[in-house]
Amino acid sequence: INGLSLFRRAIAEGEEARNLARIAAQPAQARSLDQFNKALGQAKDVTSALKDPRVMGVLATALGIPEAARQVGLATRVFLSDLSKTDSLANRMPDSRWKSAAQTLDLFKGGLAALKDPATQA
């Protein structure tokens, strides 16, 4: 990678960070995140958390899979997939966004604690 490419990447990352900060400051986003955290606090386990539309709506948007909010059963099975198994649902999905989301969340290993983790929420 040459210097110009690194410079362009740094500018793009800085712009992305500013845009994310601007979006996070919007009142609707703050309400959604408050509802998300409230739902997580009330959840008995990771499966019940994923069935809650307040949780799935935020996750689907944040992970770039908006259709996951409408396909809760599929999303739950994918997000809870054991990625170490080649025949797991996340590994068989034709759309790579689903596998990427399952990897990001790592709910098979982390469970509800993974959703509550500040690093995941950030």
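Count residues from 1 along the sequence.
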TODO: Report the C-alpha distance between L50 and V72 in whole Å, list the side-chain angles of each, state the deciding distance to 0.1 Å, and finish with yes or no for side chain to side chain contact (heavy atoms under 4.5 Å, CB included).
DONE: CA-CA 7 Å; L50 292 174; V72 176; 5.6 Å; no
TODO: Any chance you could measure D106, atom CG, to L115, atom CG, to the nearest 0.5 Å?
DONE: 11.0 Å
Open item on the list: Side-chain heavy atoms nearer than 4.5 Å, only ILVMFWY residues, links allowed to pass through others: does that put L33 and L105 together?
Closed with: yes
Open item on the list: I'd like to know if the side chain of T120 reaches the main chain of A114, judged simply by a donor and an acceptor atom lying under 3.5 Å from each other, with no hydrogens or angles considered.
Closed with: yes
Open item on the list: Do Q35 and V58 have side chains that approach each other closer than 4.5 Å (heavy atoms only, starting at C-beta)?
Closed with: no
- [ ] Indicate if F79 and L83 have the same hydrophobic cluster label, given that clusters are the connected sets of ILVMFWY residues with side-chain heavy-atom separations under 4.5 angstrom.
- [x] no
- [ ] Determine, step by step, whether M56 and T76 satisfy the side chain to side chain contact (heavy atoms under 4.5 Å, CB included) criterion, reporting the C-alpha distance in whole Å, the side-chain angles of both residues, the deciding distance to 0.1 Å, and the verdict.
- [x] CA-CA 9 Å; M56 190 56 79; T76 299; 4.1 Å; yes
Task: The single option from M93, R77, R92 passing side-chain contact (heavy atoms from CB on, under 4.5 Å) against W98 - done: M93
Task: Spatial distance of atom CG (L112) from atom CG (D117) [nearest 0.5 Å] - done: 11.5 Å
- [ ] Please report the shortest heavy-atom distance between G57 and A69, naming the atom on each side.
- [x] CA-CB, 4.3 Å
Task: NZ-OG distance between K99 and S88, expressed to the nearest 0.5 angstrom - done: 7.5 Å
Task: Test item: D95 and E67 side chains (from C-beta on) under 4.5 Å apart, heavy atoms - done: yes
Open item on the list: Side chains of V55 and F36, heavy atoms from C-beta outward: is any pair under 4.5 Å?
Closed with: yes
TODO: Determine yes or no for a side-chain-to-main-chain donor-acceptor pair under 3.5 angstrom, with S100 supplying the side chain and R97 the backbone.
DONE: no
- [ ] To the nearest 0.5 Å, tell me how far D82 CG sits from L107 CG.
- [x] 12.5 Å
Open item on the list: Restricting to non-hydrogen atoms, name the atom on A90 and the atom on S81 that form the minimum distance, rounded to 0.1 Å.
Closed with: N-OG, 3.2 Å
Open item on the list: Any side-chain to backbone donor/acceptor pair from N91 onto D87? Under 3.5 Å, distance only.
Closed with: no
